Asker: 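Next up is a structure, given as structure tokens.
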Amino acid sequence: MINALRGMKDLTFEESERFVHIVTTAIGISKKYGYSYIETPILEETKLFRRSVGESSDIVGKEMYQFEDKGGNDVCMRPEGTAGVVRAFVQAKLDRRQNEKFKFYYYGPMFRYERPQKGRLREFHQFGCESFGEGSVYEDFTIIQMIGDIFRALGIGYDLQINSLGCPECMPPYRENLINFLNDCKDELCEDCNRRIGTNPIRVLDCKNKTCQSLLADSPKLITSLCDGCESGFEKLVQLLKSENISYEVDTNLVRGLDYYSKTAFEFVSNEIGSQSAIAGGGRYDKLVEFLDGKPTPAVGFALGIERIMELVVMPNIEREGYYIGAMEEGAIDSLFPLASKKRVTDKVTLEYSPKKLKAHLKGADRVNARYCAVVGEDEFKDGTIWVKDLVEKQEFTINKSEF
RNA sequence: GUAGGCGUAGUUCAGUUGGUAGAGCACCUGUUUGUGGCACAGGUUGUCGCGGGUUCGAGCCCCGUCGCCUACCCCA
């Protein structure tokens, strides 16, 4: 028997229904916010992710499904969605249309070569949105609102954490400040953090190590070092969230794992799904389009992890639906096909090809959760009728086939 | 990469100091020559993950290996 690869899952029955329900719900809501679908390749040139996600990130450093294709190209299965969408945006020269706004949603598989555990797979699926050309913090707020709408529609509770990561004006001085602070206590910081001082000092902030966390209590906070523009933008975001009664908490240690974020960063978390608690995350990335050779274009986006919210979704009740059609003797089977075709115009139909006793047909109808069980038995076959039972109302009747 | 837990029927699991494998659910049949879900009765289902070792004898003990789960790291 050949099994799926480690960290890759098949979805069937209830699970695949949950999956589809999440995606269709998210699509419906993002369309109402003006987003349209973008499909981009799963395979991209490796350097796209090196440049966008960032060399210092773990994703690029050790988690990429990277290989050389038969043409000798260094390629990579996408570990996240934003980079490909931005590449597509630039390639289509949408960055030249500076006064226009573009909003795209996408969904599909992402790949990271990690050790699987609860809520973390090697192939997982994200639904995401990217909004280009709108630099206003109103858009940051609108996206957070939209995610809230999606979770509400799915019946999912969450906590919202927000932070500001600053901009090219205020981030570098803060970064220097932080490096100085970290160097002063580097002997007490863990091994990983010592490495991060050189590679990505900001990420020391969300180290899980307890000694590190206690040392960091006195560290300089970016939120109090923001430039005027970033600070007023963050205040505006907070004010909008308050006025719409969206509860949030400011987490000064919230650092997105990807290098391209600036200003607003947010994460939706759930405490019901184990240690991998982030169910959606995103933020603003005003510099990424130029990083990828486009004209400067502000942008903000998010992604939600479909597998992580699958076990949180409250599914609508499933009700009996459609028809189960069968016959009790071999000779009547052929006559069922026109009936099935007619009903399939409007209803779900399950057609049984083997003759069976009535009891077996009724059980078959239960099994496929049909509302009606329609059977041609010996008598019905003789006089051109069909017996139909409503399995919910428990009413039955025999009608001419032409009336079916 | 590291650590812990677990691999027995389709599924969830039990299996005593080692003595040749069991239960619930599911499935099939019947009670009902044409009335489902409920009830009752009966029945089918196994490479005990794989390989080796110890033993008269291994699901159980030992060694190895593969797989799954959880956690660290990181993130959706």
Side-chain angles (χ1 to χ4, degrees), chain A residues 1-9 22 26 53-54 56-64 78-82 107-128 147 158 190-193 195-196 200 203 206-210 212 254-258 261 266-270 273-283 301-310 312 320 324 326-329 355-373 375-381 387-392 394-396 398:
Chain A
M1 184 171 59
I2 298 174
N3 294 313
L5 292 169
R6 173 176 292 164
M8 317 225 163
K9 278 256 167 33
I22 291 164
V53 178
S56 63
S57 71
D58 284 345
I59 292 176
V60 168
K62 55 184 187 192
E63 297 174 358
M64 292 213 292
R78 64 184 182 193
E80 57 94 47
T82 301
Y107 63 94
M110 308 293 162
F111 300 84
R112 293 182 197 174
Y113 197 88
E114 306 175 86
R115 199 75 187 216
Q117 66 185 69
K118 194 173 179 58
R120 194 178 68 190
L121 294 166
R122 287 181 174 181
E123 180 184 20
F124 61 102
H125 296 78
Q126 290 186 334
F127 173 92
I147 302 168
Y158 60 83
C190 72
E191 201 181 316
D192 284 334
C193 285
R195 182 176 46 79
R196 291 188 187 113
N200 194 341
R203 214 118 52 76
D206 67 350
C207 180
K208 304 291 190 297
N209 185 302
K210 278 182 185 150
C212 294
L254 172 63
V255 177
R256 318 259 46 245
L258 294 70
Y261 287 107
F266 57 83
E267 211 162 87
F268 287 72
V269 299
S270 166
I273 52 170
S275 130
Q276 309 303 316
S277 57
I279 53 178
F302 78 95
L304 56 86
I306 298 178
E307 283 85 353
R308 286 194 185 168
I309 62 182
M310 279 196 358
L312 300 171
R320 285 179 174 273
Y324 169 100
M328 295 173 67
E329 49 190 288
K356 286 181 179 173
K357 298 201 297 186
L358 184 62
K359 181 171 176 163
H361 282 310
L362 284 160
K363 282 191 173 182
D366 282 333
R367 189 159 304 163
V368 299
N369 214 30
R371 168 84 191 253
Y372 299 96
C373 181
V375 176
V376 174
E378 195 183 350
D379 301 338
E380 291 84 1
F381 189 39
W387 173 88
V388 179
K389 180 165 185 177
D390 180 334
L391 298 173
V392 175
K394 304 179 199 299
Q395 289 174 345
E396 56 185 272
T398 301

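Just so it is clear, the values below take in all heavy atoms, side chains as well, and ignore hydrogens, waters and symmetry mates. Fair warning: this is a prediction, and the values are worked out from it, not measured in the lab. Just so it is clear: chains get the letters A, B, ... in the order the sequence lines come, proteins before strands, and each one is counted from 1.
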Asker: Whole-Å distance between A76(B) C1' and Gln126(A) CD?
Answerer: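 Rounding to the nearest Å, CD of Gln126(A) and C1' of A76(B) are 5 Å apart.
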
Asker: Report the base-pairing partner of U70(B) (Watson-Crick or G-U wobble, both distances below 3.5 angstrom), or none.
Answerer: A3(B)

Asker: Given atom CG of Asn3(A) and atom C1' of G7(B), what is their separation to the nearest angstrom?
Answerer: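 Atom CG in Asn3(A) sits about 13 Å away from atom C1' in G7(B).
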
Asker: Would a distance-only check, ignoring hydrogens and angles, find a side-chain to backbone donor-acceptor pair under 3.5 Å from Glu329(A) to Pro355(A)?
Answerer: no

Asker: Indicate, with a heavy-atom threshold strictly under 4.0 Å, whether Ala280(A) touches base, sugar-phosphate, or nothing.
Answerer: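 Sugar-phosphate contact only.
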
Asker: Are Trp387(A) and G34(B) stacked, counting the six-membered base ring, centres under 5.5 Å, planes under 30°?
Answerer: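 No; centroid distance or tilt outside limits.
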
Asker: Report the nucleotide, chosen from G34(B), G36(B), A76(B), that has the shortest atom-to-atom distance to any side-chain atom of Met328(A).
Answerer: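 The listed nucleotide nearest to Met328(A)'s side chain is G34(B).
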
Asker: Mind checking if Lys9(A) touches a base, just sugar-phosphate, or nothing, with heavy atoms under 4.0 Å?
Answerer: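 Sugar-phosphate contact only.
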
Asker: With rounding to whole Å, what would you report as the distance between C62(B) and C75(B) at their C1' atoms?
Answerer: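 These two C1' atoms come out 41 Å apart once rounded.
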
Asker: For atom C1', what is the distance between A9(B) and C61(B), given to the nearest Å?
Answerer: 25 Å

Asker: Could you give the distance separating A21(B) and U16(B) at their P atoms, to the nearest angstrom?
Answerer: 14 Å

Asker: Just to be sure I understand the rule, does Ile279(A) reach a base, reach only the sugar-phosphate, or reach nothing, if contact means heavy atoms closer than 4.0 Å?
Answerer: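 Touches sugar-phosphate only.
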
Asker: Anything under 30° is parallel, anything over 60° is perpendicular, the rest tilted; go ahead and classify Phe302(A) against Phe127(A).
Answerer: tilted

Asker: Just the rounded figure in Å: distance from C1' of A76(B) to CZ of Arg78(A).
Answerer: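 From Arg78(A) CZ to A76(B) C1': 13 Å.
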
Asker: Regarding Arg6(A), tell me which of base, sugar-phosphate or nothing describes its non-hydrogen contacts under 4.0 Å with the strands shown.
Answerer: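 The residue Arg6(A) makes sugar-phosphate contact but no base contact.
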
Asker: Donor-acceptor pair under 3.5 Å: do we get one between Lys389(A)'s side chain and the base of U35(B)?
Answerer: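 Indeed, a donor on one side and an acceptor on the other fall under 3.5 Å apart.
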
Asker: C72(B), OP1 or OP2 - any side-chain N/O from Ser275(A) closer than 4.0 Å?
Answerer: yes

Asker: Within this structure, what is the CZ-to-P distance between Arg122(A) and C75(B), rounded to whole angstrom?
Answerer: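 Rounded to the whole Å, the gap is 18 Å.
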
Asker: Mind checking who U33(B) pairs with, Watson-Crick or G-U wobble, both distances under 3.5 Å?
Answerer: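 For U33(B), the partner nucleotide comes out as none, under the 3.5 Å rule.
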
Asker: For the residue pair Tyr324(A) and Val368(A), what are the closest heavy atoms and their distance?
Answerer: CD1-CG2, 4.1 Å

Asker: According to the Watson-Crick and G-U wobble definitions, with both distances under 3.5 Å, which nucleotide is paired to A23(B)?
Answerer: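 Partner of A23(B): U12(B).
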
Asker: Expressed in angstrom and rounded to an integer, what is the separation of Ile147(A) atom CD1 from A76(B) atom P?
Answerer: 12 Å

Asker: Can you give me the closest heavy-atom contact between Leu358(A) and Trp387(A), atom names plus distance?
Answerer: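 Answer, listing the atom of Leu358(A) first, then Trp387(A): CD1-CZ3, 3.6 Å.
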
Asker: Say we look at C68(B) and U8(B): how far apart would their C1' atoms be, to the nearest angstrom?
Answerer: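 Straight-line distance between the two C1' atoms is 15 Å.
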
Asker: Please figure out whether Ala303(A) or Ala360(A) has its closest RNA chain B nucleotide nearer the 5' end.
Answerer: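 Taking each residue's closest nucleotide, the earlier one in sequence belongs to Ala360(A).
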
Asker: Is there a donor on the side chain of Gln117(A) or the base of C68(B) sitting less than 3.5 Å from an acceptor on the other?
Answerer: no

Asker: Do Arg78(A) side-chain atoms and Pro109(A) backbone N/O form a donor-acceptor pair below 3.5 Å?
Answerer: yes

Asker: Do any N or O atoms from the side chain of Arg112(A) and from the backbone of Pro79(A) form a donor-acceptor pair under 3.5 angstrom?
Answerer: yes

Asker: Is there a donor-acceptor pair closer than 3.5 Å between any side-chain N or O of His361(A) and the backbone N or O of Ala327(A)?
Answerer: yes

Asker: With a non-hydrogen cut-off below 4.0 angstrom, is Gly119(A) in contact with a base, only sugar-phosphate, or nothing?
Answerer: base

Asker: Can you tell me how far C1' of G36(B) sits from NZ of Lys357(A), to the nearest Å?
Answerer: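 So the NZ-C1' distance, Lys357(A) to G36(B), works out to 13 Å.
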
Asker: Does Glu380(A) reach a base, just sugar-phosphate, or nothing at all? Heavy atoms under 4.0 Å.
Answerer: base

Asker: Can you check the distance between U17(B) and C13(B), where both ends of the measurement are the C1' atom (answer in whole Å)?
Answerer: 24 Å

Asker: Which whole-number value in Å describes the distance from Lys62(A) NZ to U2(B) C1'?
Answerer: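 Taking atom C1' of U2(B) as the reference, NZ of Lys62(A) is at 11 Å.
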
Asker: NA contact type, Lys359(A), heavy-atom cut-off 4.0 Å: base, sugar-phosphate, or nothing?
Answerer: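 Base: the residue Lys359(A), judged by heavy atoms under 4.0 Å, touches a nucleobase.
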
Asker: Kindly point out which of U2(B), G36(B), A76(B) is positioned nearest to the side chain of Arg115(A)?
Answerer: U2(B)

Asker: Between C40(B) and U20(B), how far apart are the two P atoms, rounded to whole Å?
Answerer: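 Per the computed distance, 32 Å lies between those P atoms.
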
Asker: Does G59(B) have a Watson-Crick or wobble mate here (both distances under 3.5 Å), and if so which one?
Answerer: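 Base-paired to nothing in any strand shown.
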
Asker: Do Arg122(A)'s NZ or CZ and the ring of Tyr113(A) fall within the cation-pi criteria of under 6.0 Å and 45°?
Answerer: yes

Asker: Of the nucleotides U35(B), G36(B), A71(B), which one has an atom closest to the side chain of Lys118(A)?
Answerer: A71(B)

Asker: Could you give the distance separating G7(B) and U29(B) at their P atoms, to the nearest angstrom?
Answerer: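 Straight-line distance between the two P atoms is 34 Å.
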
Asker: Taking the side chain of Phe124(A) as its heavy atoms from C-beta onward, which of C72(B), A76(B), G37(B) lies nearest to it?
Answerer: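 Closest nucleotide to the Phe124(A) side chain: A76(B).
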
Asker: Report yes or no: is there a donor-acceptor pair, N or O only, under 3.5 Å between the side chain of Glu396(A) and the base of G36(B)?
Answerer: no

Asker: Rounded to whole Å, please give me the gap between NZ in Lys363(A) and P in C38(B).
Answerer: 9 Å

Asker: Could you measure between the two C1' atoms, the one in U32(B) and the one in G36(B), and give it in whole Å?
Answerer: 13 Å

Asker: Is atom CZ of Phe111(A) surrounded by more than 12 heavy atoms (other residues, nucleotides or ligands) closer than 6.0 Å?
Answerer: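 Atom CZ in Phe111(A) is packed in, count exceeds 12.
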
Asker: Nearest nucleotide by nearest heavy atom, which residue falls closer to the 5' end of RNA chain B, Ile306(A) or Pro116(A)?
Answerer: Pro116(A)

Asker: What I want to check is whether an N or O donor and acceptor connect the side chain of Arg367(A) with the base of C27(B) at under 3.5 Å.
Answerer: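 Absent.
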
Asker: Identify whether any heavy atom of Glu80(A) sits under 4.0 Å from a base atom; if not, whether one sits that close to sugar-phosphate; answer base, sugar-phosphate or nothing.
Answerer: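 Touches nothing.
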
Asker: Both distances below 3.5 Å, Watson-Crick or wobble geometry, any strand: find the nucleotide opposite G64(B).
Answerer: C50(B)

